[in-house]
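Model, not experiment: these values are computed from the prediction. Every chain is numbered from 1, with letters handed out A, B, ... down the list of sequences.
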Number of protein chains: 2
Amino acid sequence: MEHLKQLIRDIPDFPQPDILFRDITPLLGHPTAFREVVAALAERFRGRVDVVAGIESRGFIFGAPLALELDVPFVPIRKVGKLPGEKLTREYALEYGTATLEIHTDAVGPGQRVLVLDDLLATGGTARAAAGLIEAVGGSVEAVAVAIELLFLDGRGALEGYEVHSLVQY
Amino acid sequence: MEHLKQLIRDIPDFPQPDILFRDITPLLGHPTAFREVVAALAERFRGRVDVVAGIESRGFIFGAPLALELDVPFVPIRKVGKLPGEKLTREYALEYGTATLEIHTDAVGPGQRVLVLDDLLATGGTARAAAGLIEAVGGSVEAVAVAIELLFLDGRGALEGYEVHSLVQY
């Protein structure tokens, strides 16, 4: 889906010097293209997943419509301190420092097949933490799907053992 | 839509003592009910809005599918430091301290009618800041819509002059 790159804006030096940020807001501003992303993901995973889990925040933007399209529950995987119920927490390493994700312990039933969704795959640390949380609450990770994959950061390497699917690669 | 309350879980003392948190994760876990929320909002605003602007993060969960349903652009209004492009910033008061929202300056065209969407209306400070940002970049706020309204906090008072629409009231 190379044509989607026309709707992904390059912003140099964000969030820090020498990082080229891939901005999806133009894509979100084109409902036909946004719908195409959701449809492409739905086509690939229809019948294969019982739950769509979106990673806060941009994973919510693609994950919520996808869950509705697939007619399955949507589960938010959130940053620390946001989920109000009984939850599990996983801290993971970033290039500098750490980040933390959380999931409600009742979010996924035993053995349910879960699609982990985010907007972008970089080093894979966030998606791996999310997948670990799914498994820790009893779910089975069917795949990790993203709109954009940054190939040079080898997120697939960090996600060995998981199916990884992306629509646009850089 | 009182029946949706069955899918909104009360969590006492979150995020702090004496606050009763209204947790929408059970609703998100029921695709039929989740779809009903999106459909109800779409029915009310179809033909009346050119853009749906969702407030980070839970406003994304309802706003993205609603924008797709209405076939209009989705604009994310984000917390500080997340949007990569040229942007406007608005700080607003919370009960303790302040919070900040941002919008891309090119997110909304001149005179476009914008629906501001969030999951919950409490004191109205967040929605008012979001509406102010929409207007500051040249848009027109058609309405503020939420899934849940906490009537006792009088968010409508803070949003005087705006149409406010909620599906479930406490």
Participant: Flag yes if B:L120 and B:M1 sit in one hydrophobic cluster, no otherwise; membership is Ile, Leu, Val, Met, Phe, Trp, Tyr, and two members link when side-chain heavy atoms are under 4.5 Å apart.
Facilitator: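 Yes, one cluster joins them.
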Participant: Does A:Q6 CD have over 12 foreign heavy atoms under 6.0 Å away?
Facilitator: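 Result for CD/A:Q6: open.
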Participant: Can you get from B:L133 to B:L94 by hopping between Ile, Leu, Val, Met, Phe, Trp and Tyr side chains that sit under 4.5 Å apart?
Facilitator: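 Same cluster: B:L133 reaches B:L94 through Ile, Leu, Val, Met, Phe, Trp or Tyr contacts under 4.5 Å.
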Participant: Can you say whether B:V38 sits under 4.5 Å from chain A via the side chain, the backbone, both, or neither, judging by heavy atoms?
Facilitator: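 Interface part for B:V38: side chain.
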Participant: So how far is it from A:I61 CD1 to B:I61 CD1, rounded to the nearest 0.5 Å?
Facilitator: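 It is 10.0 Å, given to the nearest 0.5 Å.
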Participant: Name the one of B:E56, B:R58, B:K79 that satisfies side-chain contact (heavy atoms from CB on, under 4.5 Å) with A:S57?
Facilitator: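 Filter result, single survivor: B:E56.
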Participant: Check whether B:L68 gets within reach of chain A through its side chain, its backbone, both or neither, counting any heavy atom under 4.5 Å.
Facilitator: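 It is both, since atoms from each part get that close.
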Participant: Give me the contact list for residues 144-162 of chain A versus chain B, heavy atoms only, anything under 4.5 Å, ordered by residue number.
Facilitator: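 The residues closer than 4.5 Å to chain B amount to none at all.
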Participant: Begin from the C-alpha positions of B:E69 and A:R35 and carry the test side-chain contact (heavy atoms from CB on, under 4.5 Å) through to its verdict.
Facilitator: CA-CA 9 Å; B:E69 179 67 26; A:R35 186 174 299 108; over 6 Å; no
Participant: Please state whether the side chain, the backbone, both or neither of A:D13 comes within less than 4.5 Å of a heavy atom of chain B.
Facilitator: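 It is neither, since no heavy atom gets under 4.5 Å.
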Participant: Nearest 0.5 angstrom please: A:F74 CZ to B:L28 CG, how far?
Facilitator: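 Taking CZ in A:F74 and CG in B:L28, the distance rounds to 7.0 Å.
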Participant: Measure B:V75 against the heavy atoms of chain A and call it side chain, backbone, both or neither at under 4.5 Å.
Facilitator: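 Answer is neither: B:V75 stays 4.5 Å or more from chain A.
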Participant: Please state whether the side chain, the backbone, both or neither of A:P84 comes within less than 4.5 Å of a heavy atom of chain B.
Facilitator: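 For A:P84, the contact with chain B is made by backbone and side chain together.
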Participant: Heavy-atom distances under 4.5 Å only: say whether B:F34 touches chain A with side chain, backbone, both or neither.
Facilitator: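 Both parts, heavy atoms under 4.5 Å.
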Participant: Is there a side-chain contact (heavy atoms from CB on, under 4.5 Å) between A:R9 and B:D106? Walk through the geometry before answering.
Facilitator: CA-CA 13 Å; A:R9 177 166 62 167; B:D106 64 358; 2.9 Å; yes
